[in-house]
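It should be emphasised that the depicted structure is a prediction, and the values quoted were computed from it without experimental measurement. In the text below, chain A, chain B and the rest are named by the order of the sequence lines, each starting its count at 1.
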Number of protein chains: 2
Amino acid sequence: MNIRHLTFRLLQVYVAVVRAGSISEAARRLHLTQPTVSQQLRRLAETVGEPLLESRQGRLVTTEAGGELYRASREVLVRFDDVEDYLASLRGGERGRCSIALVNTAQYVLPRLLGPYSRAFPEVDLTLHIGNRRQVLTRFERQDDDLYVFSHPPSLAHARAGRFLRNPLVVVAPRDHPLAGCEQVAMSELLGERFLLREPGSATRMLFESWLQEQGLTLGPTLQMASNEAIRVGVASRMGLAVLSEHVLPPEHSDLVILPVAGLPIESHWQFIVRRDRRLPHAALGLLRFAAGHLSECVEQRFLSNELEELLAGLGSAPSAG
Amino acid sequence: MNIRHLTFRLLQVYVAVVRAGSISEAARRLHLTQPTVSQQLRRLAETVGEPLLESRQGRLVTTEAGGELYRASREVLVRFDDVEDYLASLRGGERGRCSIALVNTAQYVLPRLLGPYSRAFPEVDLTLHIGNRRQVLTRFERQDDDLYVFSHPPSLAHARAGRFLRNPLVVVAPRDHPLAGCEQVAMSELLGERFLLREPGSATRMLFESWLQEQGLTLGPTLQMASNEAIRVGVASRMGLAVLSEHVLPPEHSDLVILPVAGLPIESHWQFIVRRDRRLPHAALGLLRFAAGHLSECVEQRFLSNELEELLAGLGSAPSAG
DNA sequence: GCCCATCATAGATAATCATCTATGGTGCAT
DNA sequence: ATGCACCATAGATGATTATCTATGATGGGC
């Protein structure tokens, strides 16, 4: 039996014939002519090398070999129906996998979105990679993931972006800081104090530094800590001041205060970034759709800034068009 | 996904590519050129409507859709390997079904052959139909069975025959019959006695009657009974005499004697008959082979008359040639 | 004995498959 | 930067598939 030229179509026809018990009847059901079905059947029998059907009082019934082929054909066709279902669910974004790389600060808020999403689409296998801006950028360049979350996007030549969340950077101080409670503070008043900074690859640091540069200011003593958590605790322990995303602060931060520095908060936005040159998996598309529709239920209203619909519109028909 | 033009070959190639993790490597293993495999892959991806593979650090790995297709393909190919095994075992005669129609008298001896055969090939599904000559002939004409056992074959225009067992017909009488123990008896001496005969469709009766005709003899009173068993018991009970196959007599028949009638036994042979116009199932062929080889171990030597090898030789290469 | 339905065969054709050779782009490793 | 391995694309070709129409054979029912 030479399996090479066996077509699924052939099996479909064969199964129909066995079910109908008649070539002509099968032909009618399949909207084919009777000779077509006859010939298909002959070819199949030749491939198998055994007679498949025999006539028993007017009805075609399978031979031993034909019966086995029938069983196998049915199983195989059912298996491929399953594949079709699976593909359909992939396309609907109900299943599949989606890998997201996000910058450190976003890890404080993204779970609010991903939690409900995961409950809605439990068959989607989500992977999160968390790093600072530079690390996420590297992943972007290596095309490691399907979605990227930056507050400052890479060159848009190779990417599309859609903002979805405000990310205000504020100055935090210990609760008992002398300037806590003031109406307004000038940054220059704070430059004598030590600032706790993230590592150089961090977006928070980058934004803060470029803001300072715009203002023509220079920091005094600094201390570098590679984690927002560490910095937050450090500030609470009076090691110094820091500029942090508001999202990093716990809802009740009794040991910290936000200083109302003039010109702050530094406004930035987190954005979902997708590569232009890479086809977006259906699951990732589904996640973006979910975010576009449900973000407002997941995060505080004051942070909302949902421009995902625009991103989706751009992706919809031409996933990889430039 | 249009399944119609999906070939098993295509799935084989796809599976090879996934296993190799490389198109070129798969091509080498399949003894194909690289572009061939590339193109097959493209066609498969088009049929499915999804990308199937993506490059991950130099190795091709499946996408979500590709993984599902790979699993399904493997299962399907394995299933058809099973079909091949099954066909091989069918062809070897180790499995399958075989329907045999046999004349009444043969039922006393055929089980001696079929018992060992069944133990040797337990996967073969044997069906026996037992009737008198006329009934078996009808089955033969309707092509109901694979093998037929007659003592007198039908026209050999549509059949091949192979003798395998002597079937001597003898006159039986009650143990205390006046002529029991004689050296030689003439049939004419017996014509005044009542003979117990089988029904008209019976071969035993037919052979007896044509023998009588040859001898120019005519029976006296008769009594018809449609069963060899009934006739045997009838003779033992002194209802009359009878002509029966020796095989019908139990090994120890203390209440019956065989009268040494001149010109008897009537010699006939049971034969396996196969239709020329019908392909013999492998299992039936296997049974004939088994019979050819093992008959001598199954029946008494004096009945042996095995010409099945000749029948098999005729069947071997051209099962349906005239 | 004739008719109807069923199946088989033959011949035709457009589509498709399964391959090849030749060539061009990309990216990693020297 | 040079080369090698890998993949993709293009174009060609013979085999096979999938389908048809037309016609012949067969077998059961009135």
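When rounded to the nearest whole Å, the span between CG of A:Leu11 and P of D:dT17 equals 13 Å. Rounded to whole Å, the distance from CG on A:Leu6 to P on D:dA15 is 21 Å. Computed from coordinates, the A:Glu46 CD to D:dA18 P distance equals 14 Å when rounded to whole Å. In this structure, CZ of B:Arg59 is placed 16 Å from C1' of D:dC7, rounded to the nearest angstrom. Look at CZ on A:Arg28: it is 14 Å from P on D:dC20, rounded to the nearest Å. Atoms CD (A:Gln12) and C1' (D:dA18) sit 13 Å apart, rounded to a whole Å. The nearest whole Å value for the distance from the CG atom in B:Leu60 to the C1' atom in D:dA5 is 13 Å. Here the C1' atom of nucleotide D:dC7 and the CG atom of B:Leu53 are 12 Å apart, to the nearest Å.
Candidate nucleotides C:dA8, C:dT6, D:dC20 were compared by shortest atom distance to the side chain of A:Leu32, and D:dC20 ranks first. With D:dC20, C:dC7, C:dA22 as the candidates, the nucleotide lying closest to the side chain of B:Pro35 is C:dA22.
Side-chain contact check for A:Ile273 versus A:Arg160: every heavy-atom pair is 4.5 Å or farther apart. Under the 4.5 Å side-chain criterion, counting only non-hydrogen atoms from C-beta, B:Leu311 is not in contact with B:Glu307.
Considering only residues two or more places apart in sequence or on other chains, A:Arg74 meets the salt bridge (charged side-chain N to carboxylate O under 4.0 Å, His left out) condition with none of them.
Between B:Arg79 and A:Glu68 there is a salt bridge, with a side-chain nitrogen of the basic residue lying less than 4.0 Å from a carboxylate oxygen of the acidic one. Taking the charged nitrogens against the carboxylate oxygens, B:Glu75 and B:Arg71 have no contact shorter than 4.0 Å, which rules out a salt bridge.
At its two ends the helix from C:dG1-D:dC30 to C:dT30-D:dA1 runs along axes set 30° apart, each axis drawn from five pairs and the angle rounded to 10°.
In this structure, B:Thr7 does not reach the C:dC17 phosphate: none of its side-chain N or O atoms is under 4.0 Å from OP1 or OP2. The side chain of B:Arg9 places no N or O atom within less than 4.0 Å of a non-bridging phosphate oxygen (OP1 or OP2) of D:dT16.
For the residue pair A:Arg19 and A:Tyr70, a side-chain donor N or O sits within less than 3.5 Å of a side-chain acceptor on the partner. A donor-acceptor contact closer than 3.5 angstrom links the side chains of A:His282 and B:Glu50. Between the side chains of A:Arg139 and A:His129, a donor-acceptor pair is found at a separation under 3.5 Å. B:Gln224 and B:Arg205 share a donor-acceptor pair across their side chains, judged by distance under 3.5 Å alone.
Residue-level contact check: B:Thr33 touches the bases, meaning some heavy atom is under 4.0 Å from a base atom.
Taken residue by residue, residues 36-43 of chain A places heavy atoms nearer than 4.0 Å to DNA chain D at A:Thr36, A:Gln39, A:Gln40, A:Arg43.
Between A:Gln34 and A:His31, the residue whose closest nucleotide on DNA chain D is further toward the 5' end is A:His31.
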